[in-house]
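Both ligands and their constituent atoms are indexed starting at 1 by order of listing.
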Amino acid sequence: MSISIERIKLCEIRLPLKEPFQISSGIATVRRILLLQLTDAEGISVWSECVAGEHPNYSPETIDTAWLAIRDWIAPRVLDRPFATPSELHHELQRDFRGHNMAKAAIEMGSWAIAAERQGKSLSLLLAGTRDRIGTGISIGIQEDPATLVAKASQALAAGYRKIKLKVKPGADVDYVAAVRAELGDAAPIMVDANNAYGLDDLDRLKQLDEFDLIMIEQPLAWDDLVRHATLQQQLKTPICLDESITSLERAEDMITLGAGRIINIKPARVGGFTQSLAIHHLCVAKDIRTWCGGMLESGVGRSYNVALASLPNFTLPGDLSPSSRYWERDIVSPEWTMDGTGMVTVPRDEPGIGVKVDVDRIDDLTHRSQTISS
Ligand code: OSB
Ligand code: MG
């Protein structure tokens, strides 16, 4: 029962965020989202999402480079080729083909959805996920002043979120986190994410953040750095969590070898898809490294893949899997993603494939450009 993709449709849609999302390296107001519809030789059709952003401020990839990579390099490698498994497709996309992980992941993860549909199983079951409910965290962007951030963080805690991530940068950090800690109390599950905003010469500031009993400090230093993170981790009590720096299984091994961090935020798109995500997950089980599933302001399509992955047993920390209504007036899937009052998202383990219905008419309405590729 091999997988053979016959047609790839690319659609760029634009979804306005309810409120702008600012991180240290940039701001998003309208999310330009690349959706893919993959159709296999038996007529099964699935939707997947490429999570690359508009600008290369998170990783070198953007929605436009991903479009090009899929059209010119990825599609020709996979179209009408039988792959015994999604992992085999992954390996074909690695051969003499550097980078472009998010573009590759959109196809690779879609091939897992095709496999799930064909077996009549949910993605979660196919990936050997074990949990039907996952703890949910929120990622709160950089705000104008501490008071605004405190109000948003308090609201999030009251809504039930199990992890509250505050985006920080130099100047919007120590005072902001202090205010949130003071208001939410010592027991509140708070962390920060710097998206590379610091250097080793900011050690004093980072040591101040170290005093707030944070669950972790995510990616303080450069996006492609491991060695300096190792130096920094030796100076901090708080675990460092790596996001941008972990682009493959090997980088995860390097992190562990060097002591560059103690927690990994696994975003399947960043590592080229589920094959690598599973390998990193299993490595972390063996090495006693905690993991959680990050987010990229996905639509409900991309989110369904993250939720399936996060149902694996070692995703022990709450994921950035906020409900649809946190981001959008209306999502493009039904049911929309929701969270209960105790901060849990339900994994649709009994539904085949990605577990939500994609609103194709709405995608048509939102589409700015599209292209169908077949051989
Ligand atoms: O660093 O985790 C990040 C969004 C865009 C780019 C990078 C990051 C993020 C988030 C959002 O933190 C998480 C979410 O989807 O809610
Ligand atoms: Mg991050």
Query raised in the report: Does the pair Arg31/Glu54 count as a salt bridge with the N-to-O cut at 4.0 Å?
Result: no

Query raised in the report: Going by atom types alone, do Glu6 and Ser374 pair a side-chain donor with an acceptor below 3.5 Å?
Result: no

Report summary line: Cluster membership besides Val285, Ile/Leu/Val/Met/Phe/Trp/Tyr side chains within less than 4.5 angstrom, sorted by chain and number, is none

Query raised in the report: Are Asp202 and Arg228 within salt-bridge range, i.e. N to O under 4.0 Å?
Result: no

Quick check for students: name every N or O atom pair between ligand 1 and the protein closer than 3.5 Å, with distances.
from     : atom 1 : to     : atom 2 : distance (Å)
ligand 1 : 1 (O)  : Lys167 : NZ     : 2.9
ligand 1 : 1 (O)  : Asp193 : OD2    : 3.0
ligand 1 : 1 (O)  : Asn195 : ND2    : 2.8
ligand 1 : 1 (O)  : Asp243 : OD2    : 3.2
ligand 1 : 2 (O)  : Lys165 : NZ     : 3.0
ligand 1 : 2 (O)  : Asp243 : OD2    : 3.4
ligand 1 : 2 (O)  : Lys267 : NZ     : 2.9
ligand 1 : 12 (O) : Ser139 : OG     : 2.9
ligand 1 : 12 (O) : Lys165 : NZ     : 3.3
ligand 1 : 12 (O) : Lys167 : NZ     : 3.1
ligand 1 : 15 (O) : Met296 : N      : 3.4
ligand 1 : 15 (O) : Leu297 : N      : 2.9
ligand 1 : 15 (O) : Arg303 : NH2    : 3.0
ligand 1 : 15 (O) : Tyr327 : OH     : 3.4
ligand 1 : 16 (O) : Tyr327 : OH     : 2.5

Query raised in the report: Can you list the protein N, O or S atoms less than 2.8 Å from the Mg ion (ligand 2)?
Result: Asp193 OD2, Glu218 OE2, Asp243 OD2

**Report entry** Asp132/Thr346 under side chain to side chain contact (heavy atoms under 4.5 Å, CB included): CA gap, chis, key distance, verdict
**Finding:** CA-CA 6 Å; Asp132 54 14; Thr346 299; 5.6 Å; no

Query raised in the report: Can you list every pair that meets ring-ring contact (aromatic ring centres under 6.0 Å, His included) and has a residue in residues 311-343, with sequence neighbours left out?
Result: His281-Phe315

Report task. Would you please test Asp320 and Lys163 for salt bridge (Lys or Arg N to Asp or Glu O under 4.0 Å) and show each step? Result -> CA-CA 8 Å; Asp320 279 345; Lys163 177 161 69 55; 3.6 Å; yes

Report task. Report the C-alpha distance between Arg330 and Asp359 in whole Å, list the side-chain angles of each, state the deciding distance to 0.1 Å, and finish with yes or no for salt bridge (Lys or Arg N to Asp or Glu O under 4.0 Å). Result -> CA-CA 11 Å; Arg330 198 175 136 207; Asp359 188 341; 3.3 Å; yes

**Report entry** Neighbour count >12 (heavy atoms, 6.0 Å) for atom CG, Asp186
**Finding:** no

